[in-house]
2 protein chains.
Amino acid sequence: MRVPQHLVDRRREELRSLIRRDGFLPVAEICRRLGVSEATARRDLVAVEANGHITRTYGGALADYNSAFASLDERSGRARPAKARIAEKAVAQIPRSGTIFLDAGTTIQAVARALTHRRDLTHLVVATNSLAAASVLAGAAGVELHVVGGMFLNRQAALMGTRAVRALEDWSFDAAFLSGEGMDDAGVSNSHESIAEFQRAVLHQTDNIYFCLDASKLGRSTPHRVAPWKQLTALVTDALPKQLTTHGIELSSRKHLRA
Amino acid sequence: MRVPQHLVDRRREELRSLIRRDGFLPVAEICRRLGVSEATARRDLVAVEANGHITRTYGGALADYNSAFASLDERSGRARPAKARIAEKAVAQIPRSGTIFLDAGTTIQAVARALTHRRDLTHLVVATNSLAAASVLAGAAGVELHVVGGMFLNRQAALMGTRAVRALEDWSFDAAFLSGEGMDDAGVSNSHESIAEFQRAVLHQTDNIYFCLDASKLGRSTPHRVAPWKQLTALVTDALPKQLTTHGIELSSRKHLRA
DNA sequence: CGTTATATGATTGAGGTCAATCATATCTTT
DNA sequence: AAAGATATGATTGACCTCAATCATATAACG
């Protein structure tokens, strides 16, 4: 009765995608669709659940709500502790009330998650174009959550484009927390034009600009420049000041750096 | 053993708020928290569910539109096959390309899910204010997904408010698929002012208006009227025409009804 | 105050899910 | 080619949820 391993793997991949597509899949349905017994269906469920983004429930399995945005799960990846430290520092800059903007990206998603741990928020208005950040902040105490509309970009799980830029005109932010893919002597940069353009639009509406980048972005130059150093209120990073200077990044003021 | 009526009512109100707060409440937990037997807990659940916005599931009860359980909510209860049938009919009205709007609500979420089963879409622009629908449609083949920004309402997992209404001004839809909580002789209605207001704004930008309601909404009147029958292109429902007329709902044209 | 209505808890049985066990076929490894 | 490993399906019993039923205490009502 044994079946080749690669067929098992393929069947489980199919099971995962079936669950993702249907949202919920009863065990009986799995048996029918995959042509296996209940026992095997359950065993497959255990295996698929262990790989993440699927939750077993009584009677079947459920796709996690965020599974559509799984590509941007900030809890995975090597830079996780670094991101958590950065998020900690960034959240410390957020007042109890006011209006802030949260960008897309895994680092900022970590900021959003850290923000939910704050128990002292009175009435903080948070706007974001990141659906991942939004799903993290949904229902957070003391937070009035707004989503800046726009075209959905699958890769970032974020909303961008001309409609997003136009929607920003309505806003005025006390602070914005942005991510970048590179920082060098010239400032912060990103690899996609649409992202850079959107971020520049955010800068126009914002008093205090915090860029959050982990040390791996050090000295890296990506095509689309977003902001020069002077424009930043602070750079939030886990890199040491010495590392920054050796990479040719000038530190005009101690205030600009929260490492 | 009988308990005063006002105490029963108060206990059920508390139960409702407990469910709303926790999103999901197992029966055992209800017994513990309210100090009643399982039998009473179930009876209370039946009563609370009848009053709306709560859905019983195997093992407990679920607050409607809870984002964390969006998928589970959609498939839960005996209304699932009805919703699936409605979704099937609604999706049949959607062309291969064009621009459509999808509302919030579990019925429309089912429409979104059914839409992902369509394999013939060439370039369909879908705008929505529902994050649940967005997460379903994220990455769907042939779909350009847009999210209409606004204030996030936790209960609906949707975006509403003045910013959402204003964002609609940019749009022109070939068709819109909307949900309602009641339909009677006067037309379709909803129980929340913000929802009704938003839906009215959608109507202004839309050529063909499809309201999707299951038969349980029949003859039910909720406070905020959204649209009279004349304004609809079609009502998509699983109720029989005879049922509609006996509930005092006029059928001006066969074309208006896809049951 | 007496009668009626009903909210409650206990019990029962039906229906369903699930983990554990076991024999078996067959893939995998040596 | 032989031995070992393992994926599978059938079976079993435990466990849980739930609706229905019943007796009872007590609120509600005339």
Side-chain angles (χ1 to χ4, degrees), chain A residues 1-19 22-52 54-64, chain B residues 1-19 22-64 66 68-69 71-82 84 216:
Chain A
M1 300 279 207
R2 190 175 179 193
V3 156
Q5 194 62 45
H6 68 277
L7 287 181
V8 174
D9 292 343
R10 255 194 29 206
R11 192 187 60 214
R12 291 183 176 166
E13 272 179 44
E14 192 183 343
L15 173 58
R16 168 181 297 270
S17 77
L18 282 177
I19 296 171
D22 278 21
F24 176 82
L25 213 54
V27 174
E29 192 76 4
I30 295 173
C31 300
R32 200 180 60 74
R33 303 264 269 276
L34 265 51
V36 295
S37 70
E38 282 202 6
T40 300
R42 292 184 211 286
R43 278 189 276 252
D44 282 0
L45 280 179
V46 173
V48 169
E49 185 189 32
N51 269 9
I54 299 294
T55 304
R56 292 185 69 192
T57 68
Y58 194 83
L62 203 60
D64 291 349
Chain B
M1 303 277 210
R2 190 176 179 189
V3 157
Q5 193 62 46
H6 68 277
L7 288 182
V8 174
D9 291 343
R10 253 192 31 204
R11 192 187 60 214
R12 290 182 176 168
E13 271 180 45
E14 192 184 343
L15 173 59
R16 170 182 295 271
S17 76
L18 281 178
I19 296 171
D22 279 20
F24 176 80
L25 212 56
V27 174
E29 192 75 4
I30 295 172
C31 300
R32 200 179 60 76
R33 302 264 268 276
L34 265 53
V36 295
S37 70
E38 283 203 4
T40 301
R42 291 185 212 286
R43 275 189 277 253
D44 282 1
L45 279 179
V46 173
V48 170
E49 185 189 32
N51 270 9
H53 301 301
I54 299 293
T55 304
R56 293 185 68 194
T57 69
Y58 194 83
L62 204 59
D64 285 354
N66 184 296
F69 292 89
S71 304
L72 177 62
D73 187 35
E74 177 197 340
R75 67 104 196 175
S76 74
R78 45 183 173 277
R80 181 176 117 85
S216 70

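Per chain, numbering begins at 1; letters A, B, ... match sequence-line order.
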* Candidate pair Leu45(B) and Ile30(B), rule side-chain contact (heavy atoms from CB on, under 4.5 Å), full reasoning -> CA-CA 10 Å; Leu45(B) 279 179; Ile30(B) 295 172; 3.9 Å; yes

* Thr40(A) vs Leu34(A), side-chain contact (heavy atoms from CB on, under 4.5 Å): CA-CA, chis, key distance, verdict -> CA-CA 10 Å; Thr40(A) 300; Leu34(A) 265 51; over 6 Å; no

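Here the C1' atom of nucleotide dG9(C) and the CD1 atom of Ile30(B) are 16 Å apart, to the nearest Å. For the pair Arg42(A) CZ and dT21(C) C1', the interatomic distance rounds to 15 Å; values are reported in whole Å. Across the protein-nucleic acid pair, Arg12(A) atom CZ and dA7(D) atom P stand 7 Å apart, rounded to whole Å. Rounded to a whole Å, the CD atom of Glu38(B) is 18 Å from the P atom of dG13(C).
Taking each heavy atom of Arg16(A) and Val48(A) in turn, the nearest pair found is NH2-O, 3.1 Å.
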* Structure fact -> Heavy-atom contacts, protein to nucleotides 22-30 of chain C, under 4.0 Å, summarised as B (base), S (sugar-phosphate only) or - (none) per nt, yield --BBBBS--

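Side-chain proximity of Arg56(A) to the nucleotides dA10(D), dT8(C), dA19(C) is greatest for dA19(C). Among the nucleotides dA10(D), dC16(D), dG9(C), the one closest to the side chain of Tyr58(A) is dC16(D).
A close approach under 4.0 Å does not occur between any side-chain nitrogen or oxygen of Thr40(A) and OP1 or OP2 of dA7(D).
Taking Arg42(A) as the reference, Val27(A), Glu38(A), Arg56(A) meet the side chain to side chain contact (heavy atoms under 4.5 Å, CB included) condition, with sequence neighbours excluded.
Salt-bridge formation is detected for the pair Glu29(A)/Arg32(A): a Lys NZ or Arg NE/NH1/NH2 atom is positioned less than 4.0 Å from an Asp or Glu carboxylate oxygen.
Of the two residues contacting DNA chain C, namely Asp44(B) and Val27(A), the nearest-nucleotide position lying further toward the 5' end is that of Asp44(B).
In this structure, CD on Glu13(B) lies 12.0 Å from NE2 on His6(B), to the nearest 0.5 angstrom.
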